[in-house]
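What follows is a set of notes on a single structure, which appears directly below.
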Amino acid sequence: MPKYVFVTGGVVSSVGKGVLAASLGMLLEARGLKVAMMKLDPYINVDPGTMNPYEHGEVFVTDDGAETDLDLGHYQRFTHANLSQRSNITTGRIYHSVIQKERRGEYLGKTVQVVPHITDEIKSHIRALTTGADSDADIAIVEIGGTVGDIEGLPFLEAIRQFKFDVKPNDCCYIHVTWVPYIDAAGELKTKPTQHSVRALRDIGIQPNVIVLRTGKHRLGPDEIRKVALFCDVYPKAIISAEDISPLYAIPIDLKKQDLDATVLKILHVTAAHSRLEQWEEMLRRMKAPSRHVRIAAVGKYTGHDDAYKSINEAFVHAGIANDCRVDYEWFDSEQFENGAKVAEALAPYDGVLIGPGFGGRGIEGKIETVRYAREARVPFLGVCLGMQIAVIELARNKLGLPKANSTEMAPDTPDPVISLLSEQRGVTDMGGTMRLGQYRCDLKPGTRAFAAYGEKTIHERHRHRYEFNNIYRERLEAEAGLVVSGTHNLGEHELVEIAELPDHPWFCASQFHPEFKSTPLAPQPLFRAFIKAALEHAASRI
Ligand code: GLN
């Protein structure tokens, strides 16, 4: 039977519960334990798939096609936990299934209530985490989104309160993560909000076993630790001072110095092997002392939110580790690129250009200009999902002489739908498009750049899109635009183009899939690695 660690947040949101949960997962794995991870989100959306990246940051996609909160990206990058549909549950999902059960008459005439029906449903989802591939998990780490005191979080907190009575004593550990403001005038860190937050948690019936205090630039002194321990009824050893640490990947090491893993294991009565952190520490050493650097321009539309392209940013960092370089990336809103001259001027200082994923028509023309610039100026280029579709549109317009070529997403009546819905491609219009989500097999063509990057013939990458390369244009794009389809997904009667490239260019690859979702600091993603390598070569050739 697994043990459970519940991670709640207090005082303010965005205190970094996700990274804390992920870091703890990493430390427990380093001691030979198997962890399973999940996030409970208190919003009504059934999943974050429909949420605007401006508001909520990136939607992270798992192998099995779950559209999830971006904290799962942290879990993926720090641990080996299996992430799936089971790993991210929202209030909307809980209510949806309770209401369905009610309609089916499964509650046998009972009044259906938050307690016990909603809380039972939440608990059954928590238990379901450690089934299937995770039935041998030693520890389940469950992060609860939001902040203690929020109305919508109450059913989740009530469920995890009850949970300790459903398992054996010492099977649950509650970690509360809070924010500690530093008051300049007093020259002090103030722990009062933490005390209030813990009081609010105790009102609900949860006594935290561990408190992690996020302290910004400062570190808690022994007096402050004693004070929090006394007022919050927690052992001083279980008070963790978590200041801002860069890079993010150094956080587990700092937590390890404060024995977070040992404290949690002691609470759970688990004995485990000594930590093996050599590989992680070696990665950090390489990351902190790169011998070179490279500048990448990333072009998108959700540039106003730091986390809108979180996994891409992290994939850059990982590819930097693999290439012994620091990757300085900057995001550009393509709307500012109304013409080729503007693009060339803005992007001239950069050694590589990426176009990221996106939905809708805003900024499309600027992205097309961006591809044209990268292609003609022979700057290494990586297109991701929409970035790949844009590359195809650019080639159709400027190499095939089809000035109105477009995706039917942006221009439903385009005479040249080089990107379109599969149903449209088959002449079926009433089916509507559903998203292609999750992992698909892709067969790579030997001799291509994509094949060289991966070093193997069969790969599996994750998708999240509706529109596809239109095979009607494939022959012409190959013959007249020099495009090489380097990887496809075989559907039997036809193939889906998954990745394509231009051989007559220093490095130009564009994938319909999202390579960033599988990148980790210990296993940098092959396409990103090859892209950054090409950008380094480009930088060297310019000197
Ligand atoms: N909007 C495009 C589609 O649905 C691309 C999606 C994406 O970039 N993730 O196909």
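Values below: every heavy atom of this structure, side chains too, minus hydrogens, waters and symmetry copies. Both ligands and their constituent atoms are indexed starting at 1 by order of listing.
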Legend entry - side chain to side chain donor-acceptor pair (under 3.5 Å) assessment of Gln512 paired with His463: CA-CA 7 Å; Gln512 185 59 81; His463 291 247; 5.7 Å; no
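Of the possible donor and acceptor atoms, none in the side chain of Lys518 sits under 3.5 Å from a partner among the backbone N and O of Asp63.
Ligand 1 has at least one atom lying under 4.0 Å from a heavy atom of Gln389.
Under a 4.0 Å N-O distance rule, the pair Arg436/Glu498 qualifies as a salt bridge. A salt bridge between Asp416 and Arg397 is absent, with no side-chain N of the basic residue lying under 4.0 Å from a carboxylate O of the acidic one.
Ligand-side atoms of ligand 1 in range of Cys385: 5 (C), 6 (C), 7 (C), 8 (O), 9 (N), range being under 4.0 angstrom from any heavy atom. Numbered from 1 in the order shown, with element, the atoms of ligand 1 that lie under 4.0 Å from a heavy atom of Glu409 read 1 (N), 2 (C), 3 (C). For ligand 1, the atoms sitting less than 4.0 Å from at least one non-hydrogen atom of His514 are 9 (N), numbered in the order shown with element in parentheses. The distance from ligand 1 to the heavy atoms of Pro357 drops below 4.0 Å at these ligand atoms: 7 (C), 8 (O), 9 (N).
Using a 4.0 Å cut-off between heavy atoms, His465 contacts ligand 1 through both its backbone and its side chain.
Of all protein heavy atoms, the one closest to atom 10 (O) of ligand 1 is Tyr467 N, 2.8 Å. Closest to atom 4 (O) of ligand 1, if we only count protein heavy atoms, is Arg466 N, 2.9 Å.
At a 3.5 angstrom cut-off on N or O pairs, Gln512 does not count as close to ligand 1. Ligand 1 has an N or O atom lying under 3.5 Å from an N or O atom of Leu386, backbone or side chain.
Not less than 6.0 angstrom separates the ring centroid of His538 from the ring centroid of Phe531.
Residue Glu345 places its CD atom among 12 or fewer non-hydrogen atoms of other residues, nucleotides or ligands, all under 6.0 Å distant.
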